[in-house]
Amino acid sequence: MIVKKNDINSDKNSDLKTQTYDLIIVGAGLVGATLAASIASHDANKAIKIALIDQGKAPEVLSLIDEPPEFDPRVVALTQESIKLFESIGAWSTIKSMRACAYRSMRVWDNEGTGEIIFDAHELSQSQLGVIVENRILLSAVLDVLTTQKNITVLRGQSVADLSSDQKINNKSLKKITLTNGAILKASLVIAADGAHSKIRELAGLQVRSWSYQQKAIVTTVKTEKPHQQTAWQNFLLTGPLAFLPLDHKSNQYSSIVWSADNDEADRLMALSDDDFKVELARAFENRLGTVENVDKRYCFPLTQAHAVTYIAPQIVLVGDAAHTIHPLAGQGVNLGLLDAAALAKEITRASDRGLSILDESILRRYQRARKNNNLQFMALMESFKRLFGTRNLSVRWLRNAGIKKINHLSPVKKWLAKKAMGL
């Protein structure tokens, strides 16, 4: 089994007494769990006592013998850097033994014209551009790694009610977290990995700049008449981008779709029957994979972009969606969060190697320098793409179409864009 037990190293009496740790990670989703595993995987950090808090229940148990019976609508297009992170914590062998589909090419085109860019792994001297993996498979593999880490305690089913400061150690206060069941946890450092609506960020008073795209994303799994060809496809429609991401490597007919559309259009699409939606989807995709033969349950969520003014405060640090959210047109949101996790784990390990206290402020400053500008640059690039393909100005659309054609034959620019998408 991937997940050996539901309460990994859990403290059964955590609601009856105060617990003290070196660091507390709030949020046991993919970024938070991977961060915990990455910190604990280094020998220098074995003495660091970690609490991983999550308000949800333990995820389902997956089997290595049989594939999961149905697809998770949430998928991640893993970059090479994210894959390296999973390799470093010992989770990748489990992930790739399950349902992981490498994609070797990417086709991006303008629905309003004839411009198209084709990225190919061979042009970049790579075996693949990335790997599409379902979220629950990734999380199960990481949680399996956590079962081997004795210095990690996972506390589930409780939310954070309050955050304050407590007694001082070396002239610095411990942070105190009160859970909804009344339990009190104390630590030198609190890491917020609790998502876009982070409670820790709110309680710490960290400001965030955000805006709505006035769009919603529809996600589901579909089966198409023709095989996906291990290709990631993206069509820029006037109302928003539509992506088909290859899921399985056996029949090659299943794909995860992310269809971003203006609010009214998304509501209209969600109101369609499955049969009507399949017809609309195939038409919007220009029937490149033939008819859509089957569609799973559809999910829809609003799209916003947000970025914290600062990722750090005294003994508080933000990672993943708690620090930044991005439009899904490039599928890089989770990868940026995983890069956050890798960078923070690196700084904590560096401090341990040098005998520095986890209270040392340089840990957080170096992490923020490593990640904030990188995230801002990538967000700005994606915002530019969103505005470029979202314009209704005829002149801009003509220039855009001409530019796409030119870039497809301009190797340096094309390679730069491909490497950005691959996280290289």
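Basis for what follows: all heavy atoms, side chains included, without hydrogens, waters or symmetry-related copies.
A donor-acceptor pair shorter than 3.5 Å cannot be found between the side chains of Y254 and N294. No hydrogens or angles considered: nothing links the side chains of D353 and H42 as a donor-acceptor pair under 3.5 Å. A donor-acceptor pair shorter than 3.5 Å can be found between the side chains of Q305 and Y213. Using a 3.5 Å distance cut-off with no hydrogens or angles, the side chains of T220 and D296 do not pair a donor with an acceptor. Between T325 and D321, the side chains place no donor N or O within less than 3.5 Å of an acceptor N or O (distance only, hydrogens not considered). Donor-acceptor pairing under 3.5 Å is recorded for the side chains of K46 and Q149. Side-chain contact annotation: Q158 with T180, donor-acceptor N/O pair under 3.5 Å present. One side chain, N45 or S352, offers a donor N or O that lies under 3.5 Å from an acceptor on the other. For the 3.5 Å distance criterion, the side chains of S105 and T231 qualify, holding a donor opposite an acceptor. Between Q315 and S188, the side chains place no donor N or O within less than 3.5 Å of an acceptor N or O (distance only, hydrogens not considered).
Ion pairing between D340 and R371 holds under the 4.0 Å rule for side-chain N and carboxylate O.
F119 does not carry R107 over the face of its six-membered ring by the limits of under 6.0 Å from the centre and within 45° of the normal. By the 6.0 Å and 45° rule, R99 stacks over the aromatic ring of F71. Figure legend: R288 and W109 shown as a cation-pi pair, the cationic atom lying under 6.0 angstrom from the six-membered ring centre and within 45 degrees of its axis.
Looking at heavy atoms from C-beta onward, F277 lies out of side-chain contact with D275 at the 4.5 angstrom threshold.
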Worked check of salt bridge (Lys or Arg N to Asp or Glu O under 4.0 Å) between D267 and K216: CA-CA 8 Å; D267 291 342; K216 296 176 183 178; 2.8 Å; yes
Verdict with reasoning, V258 to I218, per side-chain contact (heavy atoms from CB on, under 4.5 Å): CA-CA 6 Å; V258 182; I218 299 171; over 6 Å; no
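Checking each of T224, V219, L281, T221 against I257 for a side-chain contact (heavy atoms from CB on, under 4.5 Å) leaves exactly one that passes, namely L281.
The two residues I348 and L189 come nearest to each other via the heavy atoms CD1-CD2, 4.5 Å.
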